[in-house]
**Student:** 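Take this structure, written in structure tokens, and hold onto it; I'll ask about it next.
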Amino acid sequence: MKNILVTGGAGFIGSHVVRLLVNKYPEYHIVNMDVLTYAGNLANLKDVEDNDNYTFVKCDICDFDNVKKVFIDYEIDSVIHLAAESHVDRSIKDPFSFAQTNIMGTLSLLQAAKQYWDFNWEDKLFYHVSTDEVYGSLGEEGLFTEKTSYDPHSPYSASKASSDHFVRAFQDTYDLPTVISNCSNNYGSYQFPEKLIPLFINNIVNKKPLPVYGKGENVRDWLFVDDHAKAIDLIFHKGKQGDTYNIGGFNEWKNIDLIKVMIATVDRLLEREVGESNDLITYVKDRAGHDLRYAIDSTKLKNELGWEPSLQFEEGIEKTVKWYLENIEWMDNVTSGNYKSYYDEMYEVKG
Ligand code: NAD
Ligand code: TYD
């Protein structure tokens with residue numbers, strides 16, 4: 001029996017991780033700690049919410065006393081930490097909340113784990129989920145490896161870089177057993193429609209302008225979210241303590257090319273005329289400090305743990321577009337904010 005604390009489990013990636021663990025390991029108790037910010041939505045987990053091996057706890061990771069209480073109440077022996085403020089554009093507007101959640105929240109969890117486990121490290125693990133954005137921006141060539149120096153540019157990536165450093169500091173200073181993974185851009189179901197792919201699918205459906213930053217020439221390396229969740233499962237069980245693993249799809253796309261694929265896919269599935277939505281493309285002012293290119297080398301994860309992405313991008317994007325078209329109600333609830341008040345009433349608030 002393991003009691004695993006997953007933080008940020010009501011968010012995009014966290015909900016996929018929770019679903020995978022709850023279904024695959026009935027012998028584990030998965031405790032989902034989430035404060036339900038605008039990005040956290042318990043509807044993402046409707047299909048597992050009644051499982052015996054799943055518990056939701058509403059708690060802010062920065063609230064150290066309550067975090068400690070959760071460790072005690074549920075006898076937590078492992079942590080998979082995903083809770084974060086995650087959107088670069090928001091971090092440019094409000095860097096304080098990113099420092100608070102991503103740095104202080106991570107520190108609060110590390111300190112709670114250290115105190116509760118009290119230097120009995122056997123069968124304990126603190127797994128920190130991070131991003132490739134900590135490595136900064138690539139030029140036309142090269143890939144991020146686990147040895148690439150940190151060079152964050154946005155308040156989001158700076159706060160994630162800082163949290164990674166704290167995790168390593170706890171490993172080195174106290175021997176707290178940790179592992180970190182740094183992943184490229186994810187796409188798939190249940191992603192909040194402020195990020196490129198769900199935002200643009202929703203706008204194409206509703207014939208709204210598609211705001212392409214700059215010239216649309218920035219490059220991202222896209223990974224299907226289920227493949228990220230599978231990598232997290234593997235690293236959690238087989239990763240080397242104190243180590244770092246890069247996770248990526250070897251799947252680079254220039255934004256504008258990806259946008260054209262989304263337009264073609266939505267138009268085809270909605271039986272619109274070919275290229276009908278191309279006119280929605282609207283070039284807008286570039287994002288400040290916009291990183292040109294991210295691309296991950298995940299060879300280490302493949303060679304050491306045997307992980308590879310399972311899905312080709314064409315299949316992944318088709319599945320993703322179909323999911324958003326079939327889940328208009330989810331999208332309407334999220335964009336209207338309705339989901340928040342409903343779920344606040346349904347679940348006990350800790351503290
Ligand atoms: P998300 O924004 O969809 O979800 C974040 C979740 O954390 C939400 O459920 C939110 O309610 C919760 N949360 C935020 N602040 C909290 C707090 N103070 N206390 C408790 N819960 C809080 O994010 P995501 O895209 O699912 O990303 C999850 C993690 O993966 C993050 O750490 C992110 O940095 C990392 N990551 C994301 C990507 C990506 O492409 N989305 C890629 C690599 C790494
Ligand atoms: P995003 O999904 O915000 O992820 P990240 O910035 O963390 O990589 O953005 C992906 C790319 O799409 C990035 O280069 C910025 C660009 N973008 C736009 O051109 N327009 C938009 O409205 C958004 C949200 C993103």
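Remember, it's 1-based here, ligands and their atoms both numbered in the order they're listed. Just so you know, these numbers come straight off a predicted model, no measurement behind them.
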**Student:** Rounded to the nearest 0.5 Å, how far does CG of Asn185 lie from CD of Glu133?
**Tutor:**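 Result: 6.0 Å between the selected atoms.
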
**Student:** Within the distance-only criterion (no hydrogens, no angle test), does the side chain of Asp297 pair as donor or acceptor with the backbone N or O of Thr299 below 3.5 angstrom?
**Tutor:**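 Between the backbone of Thr299 and the side chain of Asp297 there is a qualifying donor-acceptor contact (under 3.5 Å).
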
**Student:** Would you check the N or O atoms of Lys160, main chain and side chain alike, for any that come under 3.5 Å of an N or O of ligand 1?
**Tutor:**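 Yes, Lys160 has an N/O under 3.5 Å of an N/O on ligand 1.
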
**Student:** Of the protein's non-hydrogen atoms, which lies at the shortest distance from atom 44 (C) of ligand 1, and what is that distance?
**Tutor:**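 So the nearest neighbour among protein heavy atoms is Ser130 O, 3.2 Å.
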
**Student:** Closer than 4.0 Å to some heavy atom of Cys59 - which atoms of ligand 1 meet that?
**Tutor:**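 Per the distance check, 19 (N), 20 (C).
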
**Student:** Can we say Glu315 and Lys319 salt-bridge, meaning some charged N sits less than 4.0 Å from an Asp/Glu carboxylate O?
**Tutor:**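 Lys319 and Glu315: not salt-bridged.
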
**Student:** Quick one: which ligand 1 atoms are inside 4.0 Å of a heavy atom on Thr37?
**Tutor:**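 Near Thr37, meaning under 4.0 Å from one of its heavy atoms, ligand 1 has 10 (C), 11 (O), 14 (C), 15 (N).
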
**Student:** With respect to Trp323, which candidate in Phe224, Tyr187, Trp330 satisfies the ring-ring contact (aromatic ring centres under 6.0 Å, His included) definition?
**Tutor:**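 Result: among Phe224, Tyr187, Trp330, Trp330 is the only option passing the ring-ring contact (aromatic ring centres under 6.0 Å, His included) with Trp323.
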
**Student:** Return a yes/no value for Thr131: is any of its N or O atoms, backbone included, closer than 3.5 angstrom to an N or O of ligand 1?
**Tutor:**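 Not met; the criterion fails.
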
**Student:** Is a side-chain donor or acceptor of Lys114 paired with a backbone partner of Ala112 at a separation under 3.5 angstrom?
**Tutor:**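 Not a single qualifying donor-acceptor pair exists.
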
**Student:** Please report whether ligand 1 has a polar contact with Ser86, defined as an N or O pair separated by less than 3.5 Å (distance criterion only).
**Tutor:**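 Checking ligand 1 against Ser86, an N or O pair does fall under 3.5 Å apart.
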
**Student:** Going by the order shown, which atoms of ligand 1 are within less than 4.0 Å of some heavy atom of Val129?
**Tutor:**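 Those qualifying, in numeric order: 30 (O), 32 (O).
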
**Student:** Which atom names give the shortest non-hydrogen contact between Leu36 and Asp34, and what distance separates them?
**Tutor:**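 Distance-wise, the nearest heavy atoms are N-OD1, 2.7 Å.
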
**Student:** Among all the protein's non-hydrogen atoms, which is closest to atom 36 (N) of ligand 1, and how far away is it?
**Tutor:**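 For atom 36 (N) of ligand 1, the nearest protein heavy atom is Ile13 CD1, 3.9 Å.
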
**Student:** Determine yes or no for a side-chain-to-main-chain donor-acceptor pair under 3.5 angstrom, with Asp77 supplying the side chain and Lys124 the backbone.
**Tutor:**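 Such a contact is absent between Asp77 side chain and Lys124 backbone.
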
**Student:** For Leu36, counting its heavy atoms only, list the atoms of ligand 1 lying under 4.0 Å from any of them.
**Tutor:**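 The atoms of ligand 1 under 4.0 Å from a heavy atom of Leu36 are 11 (O).
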
**Student:** Strictly under 4.0 Å, does any heavy atom of Gly9 approach an atom of ligand 1?
**Tutor:**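 It does not; every heavy atom stays at 4.0 Å or beyond.
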
**Student:** To the nearest 0.1 Å, how far is atom 29 (C) of ligand 1 from its closest protein heavy atom, and which atom is that?
**Tutor:**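 Looking only at protein heavy atoms, the one closest to atom 29 (C) of ligand 1 is Leu82 O, 3.2 Å.
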
**Student:** Short list, please: which atoms of ligand 1 are under 4.0 Å from a heavy atom of Asn185?
**Tutor:**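 Matching atoms, with element in brackets: 40 (O).
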
**Student:** For Trp117 and Phe119, what are the C-alpha separation, side-chain angles and deciding distance, and is it a ring pair (Phe, Tyr, Trp, His ring centres under 6.0 Å)?
**Tutor:** CA-CA 6 Å; Trp117 296 338; Phe119 294 88; over 10 Å; no

**Student:** Please check: side-chain N/O of Asp267 versus main-chain N/O of Glu276, any donor-acceptor pairing under 3.5 Å?
**Tutor:**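 Checked: pair present.
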
**Student:** Between ligand 1 and Asn186, is the shortest N or O to N or O distance under 3.5 Å?
**Tutor:**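 Asn186 vs ligand 1: N/O contact under 3.5 Å present.
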
**Student:** Other residues, nucleotides and ligands only: do more than 12 of their heavy atoms fall within 6.0 Å of CD on Glu75?
**Tutor:**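 Counting other residues, nucleotides and ligands, CD of Glu75 stays at 12 neighbours or fewer.
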
**Student:** Please indicate whether any nitrogen or oxygen in His81 is less than 3.5 Å from any nitrogen or oxygen in ligand 1.
**Tutor:**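 By distance alone, the answer is no.
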
**Student:** Arg293 side chain to Glu252 main-chain N or O, any donor-acceptor pair under 3.5 Å?
**Tutor:**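 Not a single qualifying donor-acceptor pair exists.
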
**Student:** What protein heavy atom lies closest to atom 11 (O) of ligand 1? Include the residue and the distance to one decimal.
**Tutor:**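 Result for atom 11 (O) of ligand 1: Asp34 OD1, 2.6 Å.
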
**Student:** How close does the nearest protein non-hydrogen atom get to atom 43 (C) of ligand 1, and which residue and atom is it?
**Tutor:**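 Going by distance alone, atom 43 (C) of ligand 1 is nearest to Cys183 O, 3.3 Å.
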
**Student:** For ligand 2, what are the residues with a heavy-atom contact below 4.0 Å?
**Tutor:**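 Correct list: His87, Val88, Glu133, Asn185, Glu194, Lys195, Leu196, Leu199, Phe200, Pro211, Val212, Tyr213, Asn218, Arg220, Asn255, Arg287, His290, Tyr294.
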
**Student:** Can you confirm, on distance only, whether ligand 1 has an N/O atom lying under 3.5 Å from any N/O atom belonging to Gln191?
**Tutor:**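 Looking only at distances, the answer is no, because the N/O contact criterion of under 3.5 Å is not met.
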
**Student:** Ignoring angles and geometry beyond distance, decide whether Gly11 reaches within less than 3.5 Å of ligand 1 through its nitrogen or oxygen atoms.
**Tutor:**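 Such a contact does occur with ligand 1.
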
**Student:** What are the two closest heavy atoms between Trp222 and Asn186, and how far apart are they?
**Tutor:**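 Smallest interatomic distance, heavy atoms only, reads CZ3-O, 3.6 Å.
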
**Student:** Which heavy atom of Ala161 sits nearest to which heavy atom of Tyr150, and what is that distance?
**Tutor:**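 That would be CB-CD2, 3.7 Å.
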
**Student:** Can you tell me which residue and heavy atom of the protein come closest to atom 3 (O) of ligand 1, and the distance to 0.1 Å?
**Tutor:**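 Protein heavy atom with the smallest distance to atom 3 (O) of ligand 1: Phe12 N, 3.1 Å.
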
**Student:** So is Asp60 polar-close to ligand 1, meaning N/O to N/O under 3.5 Å?
**Tutor:**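 Yes; the residue has a nitrogen or oxygen that sits under 3.5 Å from a nitrogen or oxygen of the ligand.
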
**Student:** Strictly under 4.0 Å, does any heavy atom of Ser184 approach an atom of ligand 1?
**Tutor:**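 Flag set, Ser184 near ligand 1.
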
**Student:** How far is atom 15 (N) of ligand 1 from the closest protein heavy atom, and which atom is that?
**Tutor:**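 Its nearest protein heavy-atom neighbour is Thr101 CG2, 3.5 Å.
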
**Student:** With distance as the sole test, does Thr7 use its side chain to make a donor-acceptor pair with the main-chain N or O of Leu82 at under 3.5 Å?
**Tutor:**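 Such a contact is found between Thr7 side chain and Leu82 backbone.
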
**Student:** Are the side chains of Asp226 and Leu311 in contact, using a 4.5 Å heavy-atom criterion?
**Tutor:**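 They are not in contact (no side-chain heavy atoms under 4.5 Å apart), so the answer is no.
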
**Student:** Can you check whether Ala158's main-chain N or O pairs, donor with acceptor, with Ser162's side chain at less than 3.5 Å?
**Tutor:**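 It does not hold such a pair.
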
**Student:** Judging by distance only, is a nitrogen or oxygen of Ile61 under 3.5 angstrom from one on ligand 1?
**Tutor:**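 N/O-N/O distance under 3.5 Å: yes.
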
**Student:** Give the numbers and elements of all ligand 1 atoms closer than 4.0 Å to a heavy atom of Tyr156.
**Tutor:**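 It comes down to these atoms of ligand 1: 33 (C), 34 (O).
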
**Student:** Checking a contact table here: which protein heavy atom is nearest atom 5 (C) of ligand 1, and how many Å away?
**Tutor:**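 Result for atom 5 (C) of ligand 1: Ala84 O, 3.4 Å.
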
**Student:** Within the structure, does Val35 bring an N/O atom to less than 3.5 angstrom of an N/O atom in ligand 1?
**Tutor:**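 N/O-N/O distance below 3.5 Å exists for this pair.
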
**Student:** Check step by step if salt bridge (charged side-chain N to carboxylate O under 4.0 Å, His left out) holds for Glu304 and Lys240.
**Tutor:** CA-CA 10 Å; Glu304 291 188 13; Lys240 209 165 104 220; 5.8 Å; no

**Student:** For Leu45 versus Tyr54, what's the shortest heavy-atom pair and its separation?
**Tutor:**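 Residues Leu45 and Tyr54, closest heavy atoms: CD1-OH, 3.4 Å.
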
**Student:** For His237, run the ring-ring contact (aromatic ring centres under 6.0 Å, His included) check against Tyr127, Tyr28, Trp307 and tell me which one passes.
**Tutor:**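 Answer after filtering Tyr127, Tyr28, Trp307: Tyr28.
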
